[in-house]
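Every heavy atom of this structure was used, including side-chain atoms; hydrogens, water molecules and symmetry mates were not.
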Amino acid sequence: MKNIAIIGSSGGNLYNLGGKNPRKLLDEIKSQCHAANFNIAAIQFIASEVSMDQAKANSKTSLFSLDEEGQIIQSATNTLEKINEQAKQTDEEIAAHILNKTVDGLIVMSADAEHVNQKVVNAAVGMGIPIVGTGGTSMATISAKGANVIAKSGTTGTTNRTRAISFVAAMAKFWGIKYKPTIGNTNKGDAENSGSIWKNINIRGIMVSALPGFIAMALVLALSKIPLFSGLQDIFDIMIGALPIVIAVIAAKQVSNLDEVSIVAGVIAGVLSVDGGIIGGIIGGILAGIFVHYFFQKCISWKFPMTTVNIVTGGIAGLLAGLLVYFLFAPIALFIGDGIKTVIEAAIGFSPILAGLLGGLLIWPAILGGIYHAAILPIVLLEMEKTGVSFLGAIDMVGLVMVSAGINLANIIAPREKGEAAAATPGFLINMGFGTFVEAAYPFMFSNKIVFAGAILSAGVGGALVGLFDVRGTAYVPTFTTPFLSDNPLGFVIAMLASFMLTFAITLIANKKKRVEEVRDKGMNA
């Protein structure tokens with residue numbers, strides 16, 4: 001196992017590109033070192049509250065180092081002048097480790113090679129250990145001393161993650177060690193590794209993450225119906241055009257997990273994918289994420305400077321993905337999206353009541369079977385893409401949210417057992433306040449077949465009324481505001497109240513029946 005030392009500071013330009021969050025910066029390096037089976041033997045990192053370009057002797061500063069157990073620790077805050085004096089002791093200790101051959105490589109970030117980090121740099125030069133780092137001025141000074149610098153870069157365009165990967169990749173290549181960067185949540189260690197890029201493609205996850213954008217659009221649409229805010233219709237049109245970009249950014253980031261680099265690629269791809277609608281945005285974002293991943297790895301292996309790596313991965317990857325969608329996939333994506341919406345409209349046109357009834361009856365089995373987020377929610381968002389409201393979105397509110405609220409309210413007013421009222425109260429409040437958390441009804445549905453059947457029946461009745469009144473709406477917003485976000489507020493209110501009151505009544509009856517049975521059973525056993 002190779003031992004690595006880390007020295008440096010929060011820097012000037014580095015401060016604005018991750019240095020002002022030193023723990024996250026160091027954690028990223030630690031994670032990548034772990035992936036390469038490197039041990040971090042020592043740290044001396046000076047973190048100031050301001051960029052070192054503006055720092056003064058009395059600027060609040062702290063020192064990050066390692067404790068005896070190898071954990072990253074932070075000193076008490078003091079002035080920069082005093083922390084520098086404290087850091088000189090750490091400088092001597094790390095230099096001794098290098099001279100004793102217990103440190104094999106050095107990572108440098110905006111170091112002060114002439115003062116605070118002088119002894120470490122001189123020891124590294126004398127022992128010829130490999131050095132990687134960032135910070136134009138500091139790396140130039142270190143190189144001038146004759147150091148064995150195997151990779152260096154400026155900080156412009158870099159992120160904590162891309163810098164860390166660049167550092168460790170250069171070290172691993174120098175020593176001939178196999179290394180696969182850890183991409184994703186660094187707290188999960190090797191669970192999310194670059195080798196499983198294709199496993200990061202999750203349409204359901206992309207759509208769920210994009211939902212707030214669609215809700216924001218629906219809110220703008222509702223406000224635009226008020227005469228005072230009629231000018232918001234233009235804003236609504238702009239937001240519809242932006243949805244593919246939002247989805248592309250989410251897709252690119254989820255697939256590549258390279259933070260700002262993937263976000264830039266996603267924006268570029270999304271802008272060029274607008275003509276393909278949200279399906280075009282999904283395709284563009286996924287392609288951008290894949291290209292970012294592979295371009296990044298290739299550029300690292302070719303020893304490109306980190307700034308260039310980010311330009312290639314963020315700019316060219318996004319551009320290539322966007323052009324592919326613009327010239328090739330956009331017409332196909334638009335055709336698929338329009339086809340799905342046409343099928344829905346055809347079903348509603350054939351028999352809106354039957355379509356609503358079937359939608360309501362099937363929506364609970366769909367969510368219980370895991371189909372809702374994979375199939376129904378994407379269709380809801382496809383419907384909302386053009387008009388801001390959705391037929392299935394209305395059934396979602398009526399068949400899931402209002403049914404769950406009815407079940408929870410019944411268990412608050414007349415619970416089957418003591419303690420169930422306390423369990424039902426938070427669920428009811430979230431149902432009504434946020435238009436979500438339908439899972440709160442699960443315990444009551446699963447423990448009583450009548451309640452379960454009543455939920456499905458009530459959802460079916462509510463869905464049929466949605467069809468009868470030809471309602472388009474949405475969930476995931478405060479329940480009391482939903483009618484105002486629909487195209488038929490009165491019809492939506494009637495459908496919502498019907499499913500709510502029916503499931504409320506059925507649950508009350510089921511609870512009473514259960515209590516009577518329990519009393520009877522106790523009497524027989526007495």
Could you walk me through whether T479 and T482 pass the side chain to side chain donor-acceptor pair (under 3.5 Å) check?
CA-CA 5 Å; T479 299; T482 351; 5.0 Å; no

Backbone N or O of A453 within a donor-acceptor pair of the W364 side chain at under 3.5 Å?
no

Atom CD1 of I278 and atom CG of L334: how far apart are they, to the nearest 0.5 Å?
11.0 Å

Please determine whether side chain to side chain contact (heavy atoms under 4.5 Å, CB included) holds for the pair M397 and F492, giving the CA-CA distance in whole Å, both sets of side-chain angles, and the decisive distance to 0.1 Å.
CA-CA 9 Å; M397 171 55 72; F492 206 6; 3.8 Å; yes

Ignoring hydrogens and geometry, is there a side-chain-to-backbone donor-acceptor pair from S256 to A252 under 3.5 Å?
yes

Could you list the donor-acceptor pairs under 3.5 angstrom formed between side-chain atoms of residues 419-430 and any protein atom two or more places apart in sequence or on another chain?
| residue | atom | partner | partner atom | Å |
| --- | --- | --- | --- | --- |
| E420 | OE1 | R416 | N | 3.3 |
| E420 | OE1 | E417 | N | 3.4 |
| E420 | OE2 | R416 | NH2 | 3.0 |
| T425 | OG1 | A421 | O | 2.7 |

Output for pair (I268 CD1, L319 CG), nearest 0.5 Å, gives 7.0 Å

Does the N448 side chain pair with the main chain of F444, one donor and one acceptor, at a distance under 3.5 Å?
no

Report the residues that fulfil side chain to side chain donor-acceptor pair (under 3.5 Å) with D487, sequence neighbours left out, ordered by chain and then residue number.
none

Using modelled atom types only, decide if a donor and an acceptor are shared between the side chain of R515 and the backbone of P415 within a distance under 3.5 Å.
yes

Spacing of F64 atom CZ and L25 atom CG [to the nearest 0.5 Å]:
9.5 Å

Between L465 and V398, does the side chain to side chain contact (heavy atoms under 4.5 Å, CB included) criterion hold? Intermediate values first, please.
CA-CA 9 Å; L465 290 172; V398 168; over 6 Å; no

Taking all heavy atoms of F437 and all of N431, pick out the closest pair and write down the distance.
O-ND2, 3.0 Å

Test log, rule side chain to side chain contact (heavy atoms under 4.5 Å, CB included), inputs F167 and I6:
CA-CA 11 Å; F167 295 155; I6 302 171; over 6 Å; no

Does any N or O in the side chain of S75 come within less than 3.5 Å of the main-chain N or O of L63, such that one atom is a donor and the other an acceptor?
yes

Can you tell me if T481 uses its side chain to pair, donor with acceptor, with the backbone of P478 under 3.5 Å?
yes

Please find the pair of heavy atoms, one from G462 and one from A495, that lie closest to each other, and give the distance.
O-CB, 3.9 Å

Tightest non-hydrogen contact, residues D396 and I363, listed as CA-CD1, 3.7 Å

Considering non-hydrogen atoms only, spot the tightest contact between A35 and K180 and give its length.
CB-O, 3.6 Å

Donor-acceptor check, side chain of S273 to backbone of G276, threshold 3.5 angstrom: yes or no?
no

Kindly indicate, with the supporting measurements, whether the criterion side chain to side chain contact (heavy atoms under 4.5 Å, CB included) is fulfilled by I407 and V451.
CA-CA 8 Å; I407 291 172; V451 175; 4.0 Å; yes

Determine whether N488 and D470 satisfy the following criterion, side chain to side chain donor-acceptor pair (under 3.5 Å), listing intermediate values before the conclusion.
CA-CA 8 Å; N488 186 345; D470 195 27; over 6 Å; no

If we ignore hydrogens and angles and just use 3.5 Å, is the side chain of S31 paired with the main-chain N or O of D27 as donor and acceptor?
no

Atom CG in L219, atom OG1 in T474: separation rounded to 0.5 Å?
9.0 Å

Check for a donor-acceptor pair, side chain of Q74 on one end and backbone N or O of S62 on the other, with a separation under 3.5 Å.
no

Can you tell me which residue pairs pass the ring-ring contact (aromatic ring centres under 6.0 Å, His included) test with a partner in residues 453-481, sequence neighbours excluded?
none

Might you point out which heavy atoms bring F452 and M445 nearest each other, and give the distance in Å?
CB-O, 3.5 Å

Is the backbone N or O of F500 less than 3.5 Å from a side-chain atom of T503, with the two atoms forming a donor-acceptor pair by type?
no

